[in-house]
Amino acid sequence: MVELRIHHRTTYRYRQSVGLGPHRLMLRPRETRDLRLVSNTVTVMPDATVSWANDVAGNAIATVTFATPSDTLVIDSLSCVELSAVAYPVFDIAASAISFPFRYPDGDWTDLGALASRQYPDDDGLQAWAQAFVAGCPTDTLSLLKDINSGVGNAITYQAREDEGTQAPSQTLLLGAGSCRDLATLFVEAVRSLGFGARVVSGYLHDPTRTLLGSADAGSTHAWAEVYLPGAGWVTFDPTNRSVGGANLIPVAVARDIRQAMPVTGSFIGPSEAFLDMSVAVSVTA
């Protein structure tokens with residue numbers, strides 16, 4: 001087990017005082033069987049009212065409302081967690097799902113719902129691309145998912161992208177390049193096209209060796225994926241680093257679509273040219 005300190009600061013600057021609309025924050029780490037949240041503190045400048053709720057996926061959402069205009073907005077989140085995920089996990093997959101294709105139990109299929117439905121159904125070539133990883137029928141389920149996970153990492157060159165939005169999977173395949181959120185989306189859509197239930201995860205990457213893709217210094221924000229397998233539950237796949245399991249990953253939010261898991265979203269009231277810049281600083285340290 002390792003204890004980690006996560007400091008995430010987002011700063012907005014404006015050329016003049018502007019009205020600040022409500023902001024939605026997804027910054028509180030999500031507790032799992034491998035992660036215990038020791039503490040989490042969110043502070044905001046200027047003074048604001050912060051209210052907490054859980055969304056439909058059980059993620060912790062903070063809604064921030066402001067009473068006064070300001071030319072600067074600082075959102076500061078400090079968390080301490082205990083991470084006990086092992087580097088080489090063993091997954092106790094149910095006998096009914098060890099080989100692909102398999103059928104989810106009716107109750108699981110109903111509950112997976114949209115998590116088993118493609119969000120980019122017009123990407124006609126994606127299913128054929130994913131199907132090429134199926135070595136036979138039947139084939140080992142976990143090996144198939146590992147092959148797709150590695151296949152995404154091998155086919156797509158990681159590139160940090162500062163611009164907003166996520167590429168469609170077909171665009172990522174065409175360009176052969178993308179950010180961690182693009183690779184995670186490609187992986188999730190590929191396995192969904194084969195009938196798996198999957199979701200995107202947003203959170204932090206702990207990289208003490210400074211060798212992993214998607215990391216700045218010893219840690220950064222990151223995106224990856226989870227696939228639901230009967231018996232094993234939600235299994236973690238990080239296509240950016242071609243890894244399986246959550247040994248270096250701190251989840252904050254799970255979602256059907258990565259656009260539902262943005263760390264900070266909000267608006268301001270004023271002329272568009274009033275916006276000056278935004279900066280994000282993240283550190284993940286033991």
Side-chain angles (χ1 to χ4, degrees), residues 57 93 97-104 108-110 112-202 205 212-214 221-230 234-244 249 253-262:
I93 301 172
I98 287 177
S99 296
F100 174 86
F102 66 88
R103 177 184 172 86
Y104 284 107
D108 287 351
W109 183 251
T110 299
L112 286 169
L115 297 179
S117 300
R118 292 173 60 183
Q119 304 303 300
Y120 298 83
D122 296 332
D123 280 5
D124 296 329
L126 180 62
Q127 185 168 2
W129 183 84
Q131 189 67 42
F133 290 94
V134 181
C137 189
T139 192
D140 183 77
T141 298
L142 188 58
S143 295
L144 169 61
L145 292 169
K146 287 180 176 179
D147 287 347
I148 298 174
N149 188 53
S150 296
V152 171
N154 290 332
I156 309 302
T157 301
Y158 170 77
Q159 288 183 349
R161 288 198 304 111
E162 298 300 328
D163 49 319
E164 295 183 3
T166 303
Q167 295 173 174
S170 59
Q171 184 182 9
T172 301
L173 286 172
L174 180 64
L175 295 174
S179 66
C180 59
R181 63 186 183 274
D182 300 321
L183 272 69
T185 297
L186 171 58
F187 173 83
V188 165
E189 284 292 285
V191 300
R192 282 174 177 164
S193 76
L194 298 178
F196 290 97
R199 61 191 185 186
V200 182
V201 188
S202 176
L205 173 66
L212 298 175
L213 294 175
T221 55
H222 196 54
W224 59 97
E226 291 178 346
V227 179
Y228 185 77
L229 297 177
W234 290 102
V235 178
T236 298
F237 294 88
D238 180 5
T240 300
N241 289 293
R242 308 168 203 171
S243 61
V244 181
L249 299 171
V254 299
R256 168 178 49 83
D257 188 295
I258 192 63
R259 291 168 289 192
Q260 298 173 308
M262 301 297 290

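Basis for what follows: all heavy atoms, side chains included, without hydrogens, waters or symmetry-related copies.
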task = Please say which of Tyr228, Phe100, Trp234 ends up in a ring-ring contact (aromatic ring centres under 6.0 Å, His included) with Phe196.
result = Phe100
I need the minimum non-hydrogen distance between [X] and [Y], along with the two atoms involved.
X	Y	value
Val188	Ala225	CG2-CB, 3.5 Å
Gly178	Gln167	CA-NE2, 4.1 Å
Ala190	Trp129	CB-CZ3, 4.1 Å
Ala261	Ser202	O-OG, 3.4 Å
Val152	Leu186	CG1-CD2, 3.9 Å
Leu194	Gln131	CD2-OE1, 3.4 Å

task = Establish, yes or no, whether a centroid distance under 6.0 Å links the rings of Phe187 and Phe237.
result = yes
Would you say the side chain of [Y] lies within less than 4.5 Å of the side chain of [X], judging by non-hydrogen atoms?
X	Y	result
Thr236	Leu249	yes
Leu229	Thr141	yes
Asn154	Arg242	yes
Arg192	Gln119	yes
Tyr158	Cys180	yes
Asp257	Tyr120	yes
Trp224	Leu205	no
Glu226	Leu115	no

task = Compute whether any side-chain donor of one residue and acceptor of the other, for Ser179 and Asp182, lie under 3.5 angstrom apart.
result = yes
key: Backbone of Pro230 reached by a side-chain donor or acceptor of Asp108 within 3.5 Å   = no
Crowding at CZ, Arg118 (>12 non-hydrogen neighbours, <6.0 Å) = yes
